[in-house]
Amino acid sequence: MIKDDNYFMKRAIARAKSAAKCGEVPIGAVIIKDGEIIATGRNMRESKRNALHHAEIIAIDRACKKLGAWRLTDCTLYVTMEPCPMCAGAIVNSRIKRVVYGCYDQKAGALGTVFNLSEYPLNHKYEVVGGILEKECAALLSDFFSELRKRPKGCKK
């Protein structure tokens, strides 16, 4: 089996589906090093009641713990939706080499849609690739919010 961007994005999509099953916005992330997944994450803001628990932040935290280092210099992050400003900043600070995302975030995308943090003169530059399995990633979000709107008010699940 060829492990390419589509392969790893499908792994991130699996994490996003897991988030949706738990009532979280379906965003998933995986981090790879040397062609292997070393960490995963999914949105957990609702369950943890914490604004910081984005899929990317969870995956970065787990990768740092796995490697015993805060520098993820030889790693690639795959995430189903374009990272927000907070997550784009965490990517800079963790020194991730490459970021691959699925769908674009028209409201808070910080890697090309609203603005592009990777183009600022910061202490770390990383490669950015957007639009991998874009339709599938976007459908996860639109289906989730469509179902959410159908629920009676006050009903979380």
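Predicted, not measured: the structure shown is a model, and the values here were computed from it.
Judged by distance alone, with hydrogens and angles left aside, the side-chain atoms of Lys125 form a donor-acceptor pair with the main-chain N or O of Tyr120 at under 3.5 Å. Judged purely by atom type and a 3.5 angstrom limit, Ser146 has no side-chain atom pairing as donor or acceptor with the backbone of Ser142. The main-chain N or O of Arg45 is never found under 3.5 Å from a side-chain atom of His54 such that the two would form a donor-acceptor pair. Remark: the backbone N or O of Ile32 is not paired with any side-chain donor or acceptor of Thr76 at under 3.5 angstrom. In this structure a side-chain-to-backbone donor-acceptor pair under 3.5 Å is present from Arg11 to Tyr7. At least one donor-acceptor pair under 3.5 Å links the side chain of Glu24 to the backbone N or O of Glu46. Side chain of Asn43 to backbone of Ala55: a donor-acceptor contact under 3.5 angstrom is found. For the pair Arg71 (side chain) and Ala69 (backbone), a donor-acceptor distance under 3.5 Å is absent. A distance-only check finds a donor-acceptor pair linking the side chain of Asn50 to the backbone of Leu52 [under 3.5 Å].
Listed here is the closest heavy atom pair of Ser118 and Val128: OG-CG2, 3.7 Å. Summarising the geometry of Met81 relative to Asp105, their closest heavy-atom pair is CE-OD2, 2.9 Å, with the distance given to 0.1 Å. The nearest pair of heavy atoms linking Val129 to Glu127 is CG2-OE2, 3.6 Å. When all heavy atoms of Tyr126 and Ala88 are compared, the pair lying nearest together is OH-O, 3.6 Å. Arg95 and Asn123 make their closest contact through NH2-ND2, 3.1 Å (heavy atoms, listed as atom of the first residue, atom of the second, distance). The nearest pair of heavy atoms linking Met9 to Tyr78 is N-CD2, 4.1 Å.
A donor-acceptor pair shorter than 3.5 Å can be found between the side chains of Glu82 and Thr113.
Under the 4.5 Å side-chain heavy-atom criterion for grouping Ile, Leu, Val, Met, Phe, Trp and Tyr, Val25 is not connected to Met44 through any hydrophobic cluster. Hydrophobic clustering (ILVMFWY, side-chain heavy atoms < 4.5 Å, transitive): Ile38 and Leu77 are in one cluster. Cluster membership for Trp70 and Ile31, using ILVMFWY side-chain heavy atoms within less than 4.5 angstrom, is not shared.
Distance check, rounded to the nearest 0.5 Å: OG of Ser94 to CD of Glu56 gives 11.0 Å. Residue Ile132 holds its CD1 atom at 10.0 Å from OH of Tyr101, rounded to the nearest 0.5 Å. Once rounded to the nearest 0.5 Å, the distance linking SG of Cys87 with CG of Leu117 reads 11.5 Å. Rounded to the nearest 0.5 angstrom, Tyr104 OH and Leu111 CG are separated by 11.0 Å. Distance SG/Cys103 to CD/Glu134: 7.0 Å, rounded to 0.5 Å. Atom-to-atom distance recorded for Ile27:CD1 and Arg15:CZ is 13.5 Å, nearest 0.5 angstrom.
Not counting sequence neighbours, Asp74 has no partner by the side-chain hydrogen bond (donor to acceptor under 3.5 Å, both in side chains) test. For Glu136, there are no side-chain hydrogen bond (donor to acceptor under 3.5 Å, both in side chains) partners, not counting sequence neighbours.
Asp5 is listed as a side-chain neighbour of Arg98, based on a closest heavy-atom distance under 4.5 Å.
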Residues 57-68, side-chain donor-acceptor partners within the protein, below 3.5 Å, at least two apart:
residue, atom, partner, partner atom, Å
Asp61, OD2, Lys65, NZ, 3.0
Arg62, NH1, Thr40, O, 2.9

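Counting non-hydrogen atoms of neighbouring residues, nucleotides and ligands closer than 6.0 angstrom, the NZ atom of Lys17 reaches no more than 12 such neighbours.
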